[in-house]
There are 2 protein chains.
Amino acid sequence: MPRGPKKIAAREDSEETRHTILRTAEQLFMEYGYRAVSTRQIADACGLTQPALYHYFADKQMLYVEVIKENTTKTQTALERIVRRNEGVAERLSLVVRYLHSTTQHDIGLMLHDIQHELSPQMQELLNDLFNTCLIAPIASVFEDGIRQGLLRHPQQGGLDAINSAYLLMTMLPKFIDRPQSQEGSALHSNRYGATIEQAEMVVQVLLYGLVREQTREQQIITLSADKKTIPDRNG
Amino acid sequence: MPRGPKKIAAREDSEETRHTILRTAEQLFMEYGYRAVSTRQIADACGLTQPALYHYFADKQMLYVEVIKENTTKTQTALERIVRRNEGVAERLSLVVRYLHSTTQHDIGLMLHDIQHELSPQMQELLNDLFNTCLIAPIASVFEDGIRQGLLRHPQQGGLDAINSAYLLMTMLPKFIDRPQSQEGSALHSNRYGATIEQAEMVVQVLLYGLVREQTREQQIITLSADKKTIPDRNG
DNA sequence: CCTACCGATCGGTAGG
DNA sequence: CCTACCGATCGGTAGG
């Protein structure tokens, strides 16, 4: 019959194992996707047998849900700290992008695809709400500031609303960094760490200021407006 | 022993069936991903048994490769027609975005993920090259025009090079349209067709001009430059 | 283009 | 936390 100390030791061991499973599952799910990662892969990577996972999580889906829950909650904390800073919109967006890029938050599109296609409707709704509350809302609040300050175009004057801006930022994030490369040897992750901050900065630059040179900007807007019939009042 | 007419009829039937399989597989692969679509699903949707597929394609991977080959080649034709038009950079990019949005080219990220993670190295290289040649290159040539004309910022002066710009355009494309919605009834695909062109236009607007209001743009660039130490010479 | 069937692997359970 | 095992499904083959 196990008593006090043994019980405590077992409990500590269990929580540590649970945490190991969560971290391992996060890495695998985020890289390969829900369906492509088997419960046996996760267990092997943790040094466990596959049935052992079911002591800690009800099933594969709930393990995935817990992974996303932990991830988004942790990210929310970091984002809200950045958002509350006493700095400009551009500076805070830069910090947001750098933070998101530094985490294993790699392919947001893969995560959203899994949520929409591989989970039960109840879990879909739960994780969608979590995604919107923990990730989109904090980022959108920065864009909201920008719109309120008159820095960003107002949605009713040809601008993009804060929530769509936040989505756009997240989708722009990892993609043109992780894009396929014509293989030139075995150095797959070669220039990934040097240019990282520069590329993160570029995302914010493009999102805020676009690709157009400053001098030609006004004339371009007029040109496109003739085709589009929007943004007519620049001094309204 | 079957003779002339019968043989011809069988051949026509075969090509039609092959085409049906390709179209069906494309829809399923592009929506759910390579791994999530079984060969039996594809066969069922075509009104065939699963082993019948293997008369037309060597295996599942080759079917996927043929789907991508057909898709990218068709898209290349359309893109190159747009690119050759006698119109401005912004107008041609608008046409590109509208075309890509109109096709089932939905989740480019899913496609790239499947190519990188689910196929053999040989097929990876083949499809990566195809992707770059058929999709990225034509779009990049428009950005190249913009840079050459002095319309877009030069890569060495804080701008983004043409190829990265093309990637960025493709990643911005479908995402903030297909984003998860808080379910409000069963009308899932509700406002998708009315606002389509407007949203496509918005992608080009943001990509070229960013989110910042015109009046405040110059001062913002100066603000960020102080933090970043780039784009110092606006009249260079 | 079908029926019948294969080995491998999947998520999950029984029982200790 | 393990061994042993389950039914279901996967991609693919044999043979006609």
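The structure presented is a predicted model; accordingly, all values stated were derived computationally and were not measured. Each chain gets a letter, A, B and so on, in the order its sequence line appears, and its residues count up from 1. The figures that follow rest on heavy atoms only: side chains count, while hydrogens, waters and symmetry mates do not.
- Comparing atom distances between the Thr17(A) side chain and each of dC10(C), dT13(C), dC1(D) picks out dC1(D) as nearest.
- Distance, Ile42(A) CD1 to dG12(C) C1': 14 Å, rounded to whole Å.
- DNA chain C is contacted by Asp59(A), Lys60(A) of residues 59-70 of chain A, taking any non-hydrogen atom closer than 4.0 Å.
- The backbone N or O of Ser120(B) sits less than 3.5 Å from a side-chain atom of Gln61(B), completing a donor-acceptor pair.
- We find the CG-CG distance between Leu110(B) and Leu112(A) to be 12.0 Å, quoted to the nearest 0.5 Å.
- The distance from atom OH of Tyr56(A) to atom P of dG12(C) is 18 Å, rounded to the nearest whole Å.
- In summary, Arg18(A) and Glu66(A) engage in a salt bridge, as defined by a charged side-chain N under 4.0 Å from a carboxylate O.
- Between Leu48(A) and Arg40(A), the residue whose closest nucleotide on DNA chain D is further toward the 5' end is Leu48(A).
- In this structure, the OH atom of Tyr54(A) is 14 Å from the C1' atom of dC5(D), given to the nearest Å.
- When each of dA14(C), dT3(C), dG11(D) is scored by its nearest atom to the side-chain atoms of Pro51(A), the top-ranked nucleotide is dA14(C).
- If you find the closest nucleotide of DNA chain D to Arg35(A) and to Thr49(A), the one lying nearer the 5' end belongs to Thr49(A).
- Rounded to whole angstrom, the span from the CG atom of Leu53(A) across to the C1' atom of dC2(D) amounts to 13 Å.
- Atom P of nucleotide dC1(C) and atom CZ of Phe57(B) are separated by 12 Å, given to the nearest angstrom.
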Watson-Crick and G-U pairing of DNA chain C written in dot-bracket, each distance under 3.5 angstrom, with | for inter-strand partners: ||||||||||||||||
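- Two residues are said to be in side-chain contact when any heavy atoms from C-beta on lie closer than 4.5 Å; Leu160(A) and Phe143(A) fail this criterion.
- Under the 4.5 Å side-chain criterion, counting only non-hydrogen atoms from C-beta, His117(A) is in contact with Glu31(B).
- Taking each heavy atom of Ala52(A) and Leu48(A) in turn, the nearest pair found is CB-CB, 4.2 Å.
- Atom CD1 in Ile139(A) sits 11.0 Å away from atom CD in Glu80(A) (nearest 0.5 Å).
- Atom-to-atom, CD of Gln50(B) to P of dT9(D) comes out at 14 Å; the value is rounded to the nearest Å.
- The minimum heavy-atom distance linking Ala90(B) with Val204(B) is given by the pair O-CG1, 4.1 Å.
- Between Phe131(B) and Tyr167(B), the ring planes lie tilted relative to each other; the angle falls in the 30° to 60° range.
- In this structure, His55(B) places its NE2 atom 17 Å from C1' of dT3(C), rounding to the nearest Å.
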